[in-house]
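Since this is a predicted model, take the numbers as computed values, not measurements. As a basis for the values below, the full set of heavy atoms in this structure was taken, side chains included, without hydrogen atoms, waters or symmetry mates.
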Amino acid sequence: MLRLTALLALALATTLAFPTQAQAQVKLELKFPEKKTRRVEITSKFHQVMTINGSELETNVESTVVTSAAIDQRQPDGTLPIQNKIESVFTLMSLPGGNEITFDSNNPDVEGTDPQSQQIFEMMRAIAGSSYTMVLDKNNRAVSVKRDDEALEGASDVARAMLKGVLDPEYLKQVYNQEIGRISKEPVNQGDTWLRTEIS
């Protein structure tokens with residue numbers, strides 16, 4: 001679920017350009033309007049059932065994440081910096097054993113009632129304030145990511161360790177480049193399909 005949050009935040013900066021009138025074949029392109037800020041609210045639902053020793057353990061998560069991307073001006077060398085931020089997170093979790101957890105970054109001072117929920121709250125607080133700057137090359141592929149670690153300063157060592165993979169600059173770069181790689185490089189017709197191999 002946490003990696004999904006990072007992925008959704010990365011996808012924010014990209015916009016596909018489609019022709020205004022129906023055509024037989026179109027070329028899909030990415031557009032990055034300079035000096036603009038985009039905000040997106042994304043709601044995702046996650047349902048998992050694990051069977052261990054014949055017992056089913058069910059987990060349900062519903063999250064609403066508000067992300068923003070401030071697109072800078074393209075530099076003379078063709079690079080384009082984009083400042084990304086996860087502005088708010090609201091998460092409702094139903095965990096095995098009947099444990100219900102609600103986190104709202106607009107009310108971040110609420111504490112967990114047990115060690116498990118406390119760790120989840122610390123992670124969510126850190127995610128809600130996380131930000132990073134991604135630099136794209138002239139072909140709009142990510143070449144570098146610089147993470148702002150301020151949001152992680154108050155997190156425990158356990159929460160920081162659990163978030164390391166999600167907020168890792170190399171991981172964020174990989175996810176972004178994999179996302180834009182989903183776009184066909186060839187002109188497409190309505191109903192066309194193509195195959196991609198990805199690493200999760």
Side-chain angles (χ1 to χ4, degrees), residues 1-16 37-70 82-134 145 147-176 178-179 182 198-200:
M1 189 240 354
L2 299 178
R3 287 200 166 212
L4 176 62
T5 302
L7 178 64
L8 293 173
L10 283 170
L12 164 68
T14 63
T15 299
L16 283 174
T37 298
R38 294 189 177 139
R39 276 186 183 78
V40 173
E41 181 178 302
I42 303 158
T43 298
S44 58
K45 295 182 180 181
F46 171 82
H47 175 77
Q48 174 181 283
V49 178
M50 294 176 55
T51 303
I52 301 176
N53 294 330
S55 297
E56 289 190 348
L57 303 176
E58 186 174 358
T59 300
N60 289 289
V61 180
E62 182 170 347
S63 293
T64 299
V65 180
V66 177
T67 60
S68 67
I82 301 176
Q83 296 175 343
N84 299 275
K85 183 172 184 179
I86 299 179
E87 296 188 347
S88 66
V89 177
F90 178 84
T91 302
L92 178 61
M93 299 183 183
S94 175
L95 304 175
N99 196 3
E100 300 277 342
I101 298 174
T102 302
F103 174 80
D104 184 353
S105 62
N106 293 319
N107 188 17
D109 297 328
V110 175
E111 298 295 327
T113 57
D114 56 72
Q116 181 187 30
S117 62
Q118 186 60 30
Q119 286 180 358
I120 292 171
F121 278 28
E122 288 181 17
M123 288 189 303
M124 291 293 136
R125 277 193 283 268
I127 286 176
S130 65
S131 62
Y132 56 92
T133 300
M134 181 175 292
V145 174
R147 186 181 67 208
D148 179 1
D149 286 337
E150 185 177 336
L152 296 176
E153 288 177 1
S156 68
D157 291 341
V158 173
R160 289 170 68 94
M162 294 176 79
L163 287 172
K164 185 177 179 182
V166 175
L167 299 176
D168 176 68
E170 284 303 311
Y171 170 72
L172 294 173
K173 187 170 73 171
Q174 173 192 324
V175 168
Y176 171 82
Q178 190 163 270
E179 276 293 292
R182 292 179 175 179
E198 299 186 353
I199 300 171
S200 61

Rounded distance (nearest 0.5 Å) linking atom [atom1] of [X] with atom [atom2] of [Y]:
X: R39; Y: K85; atom1: CZ; atom2: NZ; result: 9.5 Å
X: F121; Y: M123; atom1: CZ; atom2: CE; result: 11.0 Å
X: I127; Y: L167; atom1: CD1; atom2: CG; result: 6.5 Å
X: E58; Y: T51; atom1: CD; atom2: OG1; result: 10.5 Å
X: S68; Y: E41; atom1: OG; atom2: CD; result: 13.0 Å

With sequence neighbours left out, write down each residue that passes salt bridge (Lys or Arg N to Asp or Glu O under 4.0 Å) with E56, or none if nothing qualifies.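 For E56 there are no salt bridge (Lys or Arg N to Asp or Glu O under 4.0 Å) partners, ignoring immediate neighbours.
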
For R147, all residues meeting salt bridge (Lys or Arg N to Asp or Glu O under 4.0 Å), sequence neighbours excluded: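 Salt bridge (Lys or Arg N to Asp or Glu O under 4.0 Å) check on R147 returns D149.
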
Verdict with reasoning, N84 to T67, per side chain to side chain contact (heavy atoms under 4.5 Å, CB included): CA-CA 7 Å; N84 299 275; T67 60; over 6 Å; no

Listed by chain and number, what are the side chain to side chain donor-acceptor pair (under 3.5 Å) partners of Q118, not counting sequence neighbours?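 E111.
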
Q83: what forms a side chain to side chain contact (heavy atoms under 4.5 Å, CB included) with it, not counting sequence neighbours? A70, T133

Residues that V145 engages under side chain to side chain contact (heavy atoms under 4.5 Å, CB included), provided they are two or more places apart: Y132, M134, P169, L172, K173

Could you list the donor-acceptor pairs under 3.5 angstrom formed by side chains in residues 93-105, with sequence neighbours left out?
{"from": "S94", "atom 1": "OG", "to": "E100", "atom 2": "OE2", "distance (Å)": "3.2"}
{"from": "N99", "atom 1": "ND2", "to": "Q116", "atom 2": "OE1", "distance (Å)": "3.4"}
{"from": "D104", "atom 1": "OD1", "to": "N106", "atom 2": "N", "distance (Å)": "2.9"}
{"from": "S105", "atom 1": "OG", "to": "V89", "atom 2": "N", "distance (Å)": "2.9"}
{"from": "S105", "atom 1": "OG", "to": "V89", "atom 2": "O", "distance (Å)": "3.3"}

